[in-house]
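What follows is a set of notes on a single structure, which appears directly below.
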Amino acid sequence: MPRFRLDGRVAVVTGALGNLGPVWVDALLEAGASVAGLDLPGAVPNAAFARLQAAYDETRLLLLPASVTDREALLQARDTVLARFGVPSVLVNNAGVDQPPSATGGSRLEDIPLEVNRRIFEVNTLGLFQVAQIFGAEMVKAGRGSIVNIGSLYAAVAPDPRFYEHIVSDPPFLKPPAYGASKAAVVNLSRYLATAWGGSGVRVNTLSPGGVLGAQDERFKRKFCDRVPLGRMAEFADLAGPLQFLASDASSYVTGTELRVDGGFTAW
């Protein structure tokens, strides 16, 4: 379907070597885009990204070192993208800090160091804004583009501590309180940027995945799936289509919205 295609377009994906980074990169490559993936200097490609590198040469897929908190590195990455690929049409702000469940526990709510929360906001919200500034400015000058900020179902609801009760640790595991707050800020920031840049032809939306199937323990998966109307966790393939929709002309009149891909988790 041609309106979902991205042939000849340039995309940038932050956090390209993370858990979901290769999912977004693969979806964009599949739709025909050339993709520049950004991640921390010295980060080693995981197996999923390495498979993409084996399938596509550097005329289609480029990996660049740049932390979303390092403005100079981002500016250098921008210049490389412009020189190698041209002006980006798509930006996927995926880089983020999270903490998976662990038997090592963490801190009690009243004891969580402020620095932990500060770091989460620094990457998930402020870093995202900085990337949007740098690459979004090029889109504004070009008069077109689609920015997709990756949110979370926890932008809308609080984590259910019952999902983690079976994990024996002292203190008990807590999802970082700043994680959902930082993602809620991303949803609002997307609306702000959508209204600021809409007149320049740049669309800005949030794509918020629900729980994504991975190496979670079986008890967690069972409890989580019992809470999802569709009865299962998201698989990587469930995320590709929504991204291709928001990145392409198929969503040409969609901006300032949050697309929740959560199997109905937030519907009740």
Side-chain angles (χ1 to χ4, degrees), residues 1-16 20-21 23-38 66 68 74 77-78 81-82 85-96 124-153 155-156 182-210 238-262 266:
M1 298 179 65
R3 63 172 55 92
F4 285 87
R5 295 296 301 174
L6 296 169
D7 301 286
R9 302 189 191 184
V10 177
V12 175
V13 179
T14 66
L20 295 183
V23 176
W24 312 129
V25 171
D26 189 22
L28 294 165
L29 289 166
E30 179 186 66
S34 297
V35 181
L38 276 56
V68 298
L74 289 172
R78 177 205 61 189
V81 171
L82 292 175
F85 286 159
V87 178
S89 300
V90 179
L91 169 62
V92 180
N93 268 314
N94 171 69
N124 294 6
T125 308
L126 299 179
L128 178 147
F129 177 64
Q130 183 162 241
V131 175
Q133 283 182 307
I134 291 170
F135 288 96
E138 299 302 318
M139 295 179 176
V140 168
K141 286 189 287 187
R144 83 290 183 272
S146 174
I147 298 175
V148 183
N149 296 322
I150 303 304
S152 167
L153 69 90
S182 71
K183 292 298 187 178
V186 166
V187 173
N188 189 270
L189 181 58
S190 297
R191 296 190 184 109
Y192 183 98
L193 295 175
T195 59
W197 288 341
S200 299
V202 178
R203 299 182 295 106
V204 187
N205 293 288
T206 306
L207 193 164
S208 291
D238 295 317
L239 304 178
L243 177 67
Q244 290 167 340
F245 168 69
L246 290 177
S248 70
D249 292 342
S251 60
S252 59
Y253 199 57
V254 179
T255 195
T257 193
E258 180 190 12
L259 175 55
R260 297 179 188 170
V261 187
D262 64 1
T266 55

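The model shown is predicted, which means the values in this text are computed figures rather than measured ones.
- Scanning for side chain to side chain contact (heavy atoms under 4.5 Å, CB included) contacts around Val68 gives Thr14, Ala95, Val123, Val131, with sequence neighbours left out.
- Not counting sequence neighbours, Thr255 has no partner by the side-chain hydrogen bond (donor to acceptor under 3.5 Å, both in side chains) test.
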Practice prompt. Start with the C-alpha gap between Val92 and Val12, add the side-chain angles, then the distance that decides, and say whether side chain to side chain contact (heavy atoms under 4.5 Å, CB included) holds.
Written response: CA-CA 6 Å; Val92 180; Val12 175; over 6 Å; no
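- Residue pairs meeting the salt bridge (Lys or Arg N to Asp or Glu O under 4.0 Å) criterion with at least one member in residues 239-256, sequence neighbours excluded, are Arg9-Asp249.
- You'll find the side chain of Ser34 stays beyond 4.5 Å of the side chain of Leu6, heavy atoms only.
- Taken to the nearest 0.5 Å, the CD atom of Glu138 stands 12.5 Å off from the CD atom of Gln133.
- In terms of heavy atoms, Leu82 sits closest to Pro88 at CD2-CD, 4.1 Å.
- A search for side chain to side chain contact (heavy atoms under 4.5 Å, CB included) contacts involving Ala66 returns Leu38, Ala73, Leu74, Ala77, not counting sequence neighbours.
- In this structure, the side-chain hydrogen bond (donor to acceptor under 3.5 Å, both in side chains) partners of Asn124, at least two apart in sequence or on a different chain, are Ser182.
- Of the possible donor and acceptor atoms, none in the side chain of Lys141 sits under 3.5 Å from a partner among the backbone N and O of Gly136.
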Can you list the steps and then say if Leu91 with Met139 is a side chain to side chain contact (heavy atoms under 4.5 Å, CB included)? CA-CA 9 Å; Leu91 169 62; Met139 295 179 176; 3.7 Å; yes
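- Under the rule for a side chain to side chain contact (heavy atoms under 4.5 Å, CB included), the partners of Glu30 that lie at least two apart in sequence or sit in another chain are Gln244.
- In terms of modelled atom types and a separation under 3.5 Å, the side chain of Ser200 and the main chain of Val202 share no donor-acceptor contact.
- Here Ser208 pairs with Glu258 under the side-chain hydrogen bond (donor to acceptor under 3.5 Å, both in side chains) rule; sequence neighbours left out.
- Listed by chain and residue number, nothing satisfies the salt bridge (Lys or Arg N to Asp or Glu O under 4.0 Å) test with Arg144 (two or more places apart in sequence, or in another chain).
- Around the CZ atom of Phe245, the shell of radius 6.0 Å holds more than 12 heavy atoms that belong to other residues, nucleotides or ligands.
- Of all non-hydrogen atoms in Pro209 and Gly151, the two that sit nearest each other are CD-O, 3.6 Å.
- Partners of Arg78 under the side-chain hydrogen bond (donor to acceptor under 3.5 Å, both in side chains) rule, at least two apart in sequence or in another chain, do not exist in this structure.
- Using a 4.5 Å heavy-atom threshold, the side chains of Ile150 and Trp24 count as touching.
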(Q) Test salt bridge (charged side-chain N to carboxylate O under 4.0 Å, His left out) on Arg5 and Asp7; report intermediate values, then the result. (A) CA-CA 6 Å; Arg5 295 296 301 174; Asp7 301 286; 2.9 Å; yes
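- Here Leu243 contributes atom CG and Ser146 contributes atom OG; the two are 8.0 Å apart, rounded to the nearest 0.5 Å.
- A pairwise comparison of heavy atoms in Val13 and Gly21 identifies CG1-O, 4.4 Å as the closest pair.
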Report, one line per pair, each donor and acceptor closer than 3.5 Å where one atom sits in a side chain of residues 185-196; sequence neighbours left out.
from: Ser190; atom 1: OG; to: Asn149; atom 2: ND2; distance (Å): 2.8
from: Ser190; atom 1: OG; to: Val186; atom 2: O; distance (Å): 2.9
from: Ser190; atom 1: OG; to: Thr206; atom 2: OG1; distance (Å): 2.8
from: Thr195; atom 1: OG1; to: Arg191; atom 2: O; distance (Å): 3.4
from: Thr195; atom 1: OG1; to: Tyr192; atom 2: O; distance (Å): 2.8

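- Using a 3.5 Å distance cut-off with no hydrogens or angles, the side chains of Ser251 and Arg203 do pair a donor with an acceptor.
- When Asn93, Ile147, Leu246, Val148 are each tested for a side chain to side chain contact (heavy atoms under 4.5 Å, CB included) with Val204, only one passes: Ile147.
- In this structure, the side chain to side chain contact (heavy atoms under 4.5 Å, CB included) partners of Thr257, at least two apart in sequence or on a different chain, are Asn205, Val254.
- Contact of the Val87 side chain with the Val10 side chain is not registered, since no non-hydrogen atoms from C-beta on lie closer than 4.5 Å.
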